[in-house]
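Read the structure below first, then the notes.
None of the values given here were measured: they were computed from a predicted structure. Every heavy atom of this structure was used, including side-chain atoms; hydrogens, water molecules and symmetry mates were not.
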Amino acid sequence: MFEHNQLSAMDFGAMSDEGLIDALRAAHGAAAAAQAAEVFAVRELYRRHRAASAEPGPGGVRAGEFAAAEAAVALYVDEGTAGALIDIGLVLEEALPRTRAAFAAGRIDLAKVRVIVDSTRALTKEVVDVLEPRLLEAAARTNPARLRQAARRWAHRLDPAGAQRRRERRQDDRDVRIRAVQDSMAVFDGLLPAPGAQTVAMRLREMSLQVCAADPRTMPQRRADALVALADGSGRLRCQCGRGERCPKAGAPAQPPRGPLIQIGIAAEALLDMRESPAFLAGYGPIDAALARLLAEHAQFQVVPEHSNTDAGVTEEAARRRVGREIRAVDGMCRFPGCTIPAAEAELERTGSGLAVLCSRHRRLKSLADKRKQRWRVWRADRDRMQWTAPNGDVHTTGREGARYLFPHTDIALPIAGNVGVQAFSRVSRPAQVAGRAGSAEPSPFTADRPTCEDLLYPLDGHIPLHRQLSRIAPEDDIPDDVTG
């Protein structure tokens, strides 16, 4: 619809809302094609360096050694970013021809390419040949975070033993780092095993909601202060409403130390070591069954039926609590397209004849849409699917993420392995599963955790909004209305 070189000169103010969405998509496709050209160019630069500059022996030039340095100074980026672009280009050329073609055509962007590259790097060629087409199909209708979860889930199913080996090897890389930045601030980050990281995340959120509605801090500010409170021994986030003893939270007793709640969904057969299918760690995504079984040694269990029924002889309140727990386990996360807020941090919302999990931000969107105050339309297509119609008419369908793990036979999007030497899986229906609380190559040295795929596409991590109302745009930064008052 639009010529790439004319996009920035378009009169966006004269466009309809639908026209703006079309322009946005065209611009994103043009940006993706430009990213592909950049990756292919820096890969070719590296290839030429390798061919021309190899000089073996002490004092010699290692093949391709300074290609990243040359690209970095040309683009005014760091050598790590240039190296990551080179590595992506090499993998696309050597192992992922379909992804390379889709990238060159602008159908997928660098963020999704990075997900596909990372997710297939340590898999055998036979598994990659099965997985790559399905990942490209998924990339066309989801965001990088959800694509990464789908890729990990499918890789766990197709190569369960390899998933466990990779997890055990990667745990040796765990680390916490502190880096000084400007204005007397510091960046505190690290690489942790997923269960430990999710335990920290849930504890920080829990502490962030211990203050009263008048506390002026944003959710990110509360999480940062809660982390310091954990380290200094106070164990509680002090309210900053300024009302002193009149604060409704002033006299709240300190809670005794305990293990913060994390939730893991796993099929009963996998828990009993009768099959190898991935488990679902809420807030993270798929983990291998061996790790889930290890965590289950100290867990409390809840049996989750595939379809909830009202039990005779129990009170309405007890039935409501039981159904709520089951809905959270089966939905797994917020049902808005692309949202990854865990069900434990979200709320239950009536949708048609049933309930669904929505985070506070998207529950508010649905409520406004139901009142015709937003142009979105939301309805339940059937027992498992919700459909969201955007203001421009696009229809987005979401399923129950937790069910894919609790009831593996429902994961109908699973790539078919065929005769590639990987484990086949039964599609026999099981009446109930369990939710617990509680040939690979070495990766290339270019594959660091920084920059992330999102950083390479949109380098906005750490950006502080100038307009304060934008500080709650991200679902994880939203403060529920019952806390803000």
**OP:** Kindly indicate, with the supporting measurements, whether the criterion side chain to side chain contact (heavy atoms under 4.5 Å, CB included) is fulfilled by Val176 and Leu192.
**Re:** CA-CA 8 Å; Val176 171; Leu192 301 175; 4.2 Å; yes
Original post:
Given Asn392 and Leu20, is the side chain to side chain contact (heavy atoms under 4.5 Å, CB included) satisfied, shown in steps?
Top reply: CA-CA 9 Å; Asn392 72 327; Leu20 285 172; over 6 Å; no
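- For the pair Glu345 (side chain) and Pro342 (backbone), a donor-acceptor distance under 3.5 Å is absent.
- Taking Asp288 as the reference, Arg167 meet the side chain to side chain donor-acceptor pair (under 3.5 Å) condition, with sequence neighbours excluded.
- Shortest non-hydrogen contact noted between Ala151 and Leu135 is CB-CD2, 3.5 Å.
- Two residues are said to be in side-chain contact when any heavy atoms from C-beta on lie closer than 4.5 Å; Thr124 and Asp159 fail this criterion.
- Relative orientation of the Trp376 and Trp388 rings is perpendicular, given thresholds of 30° and 60° on the angle between their planes.
- With values rounded to the nearest 0.5 angstrom, Arg404 atom CZ is found 14.0 Å from Ser277 atom OG.
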**OP:** Given side chain to side chain contact (heavy atoms under 4.5 Å, CB included), test His362 with Arg335 step by step and report yes or no.
**Re:** CA-CA 9 Å; His362 296 130; Arg335 295 289 296 276; over 6 Å; no
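- Closest of all the heavy-atom pairs between Ala346 and Arg328 is O-NH1, 2.8 Å.
- Using a 4.5 Å cut-off on side-chain heavy atoms (C-beta onward), Leu110 and Phe103 make contact.
- Two residues are said to be in side-chain contact when any heavy atoms from C-beta on lie closer than 4.5 Å; Arg400 and Thr410 fail this criterion.
- In terms of modelled atom types and a separation under 3.5 Å, the side chain of Asp175 and the main chain of Leu191 share no donor-acceptor contact.
- A salt bridge does not link Lys112 with Asp109: none of the charged nitrogens is closer than 4.0 Å to a carboxylate oxygen.
- In this structure, the separation between CD1 on Ile264 and CD1 on Ile287 is 4.5 Å, given to the nearest 0.5 Å.
- Between the side chain of Thr142 and the backbone N or O of Ala138, no donor-acceptor pair lies under 3.5 Å.
- A donor and an acceptor atom, one from each side chain of Glu206 and Gln210, are nowhere located under 3.5 Å apart.
- Met219 and Ser208 get closest at one heavy-atom pair: SD-CB, 3.5 Å.
- Pairing each heavy atom of Phe336 with each of Leu358, the nearest pair is N-CD2, 4.1 Å.
- Side-chain contact check for Leu295 versus Pro195: some heavy-atom pair is nearer than 4.5 Å.
- Applying the side chain to side chain donor-acceptor pair (under 3.5 Å) criterion to Gln149, with sequence neighbours excluded, gives no partner residue.
- Between the side chain of Arg146 and the backbone N or O of Cys339, at least one donor-acceptor pair lies under 3.5 Å.
- Leu230 is listed as a side-chain neighbour of Leu204, based on a closest heavy-atom distance under 4.5 Å.
- In terms of modelled atom types and a separation under 3.5 Å, the side chain of Arg203 and the main chain of Ala226 share no donor-acceptor contact.
- Exactly one of Arg361, Arg363, Lys366, Arg364 qualifies for a salt bridge (Lys or Arg N to Asp or Glu O under 4.0 Å) with Glu347. That residue is Arg363.
- Here the CG-OH distance, from Asp87 to Tyr46, works out to 9.0 Å after rounding to the nearest 0.5 Å.
- Residues Val357 and Asp331 come closest through the heavy atom pair N-OD2, 2.9 Å.
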**OP:** Show your reasoning for whether salt bridge (charged side-chain N to carboxylate O under 4.0 Å, His left out) applies to Arg134 and Glu137.
**Re:** CA-CA 5 Å; Arg134 298 308 300 270; Glu137 292 175 12; 3.3 Å; yes
**OP:** Determine, step by step, whether Leu75 and Glu38 satisfy the side chain to side chain contact (heavy atoms under 4.5 Å, CB included) criterion, reporting the C-alpha distance in whole Å, the side-chain angles of both residues, the deciding distance to 0.1 Å, and the verdict.
**Re:** CA-CA 10 Å; Leu75 299 176; Glu38 188 174 356; 3.3 Å; yes
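- Among residues two or more places apart in sequence or in another chain, the side chain to side chain donor-acceptor pair (under 3.5 Å) test is passed with Arg98 by Glu132.
- Across all their heavy atoms, Gly332 and Phe280 have their closest contact at O-CE2, 3.7 Å.
- Separating the CG atom in Asp225 from the CG atom in Asp232 is a distance of 10.5 Å, to the nearest 0.5 Å.
- Of the possible polar contacts, one joining the His156 side chain to the Arg152 backbone as a donor-acceptor pair under 3.5 Å is found.
- Atom CD1 in Ile88 sits 11.0 Å away from atom CZ in Phe40 (nearest 0.5 Å).
- Note that CE of Met207 and CZ of Arg223 are 13.0 Å apart. Values are rounded to the nearest 0.5 Å.
- A salt bridge does not link Arg47 to Glu94: none of the charged side-chain nitrogens sits closer than 4.0 Å to a carboxylate oxygen.
- Between the side chain of Arg179 and the backbone N or O of Asp189 there is no donor-acceptor pair closer than 3.5 Å.
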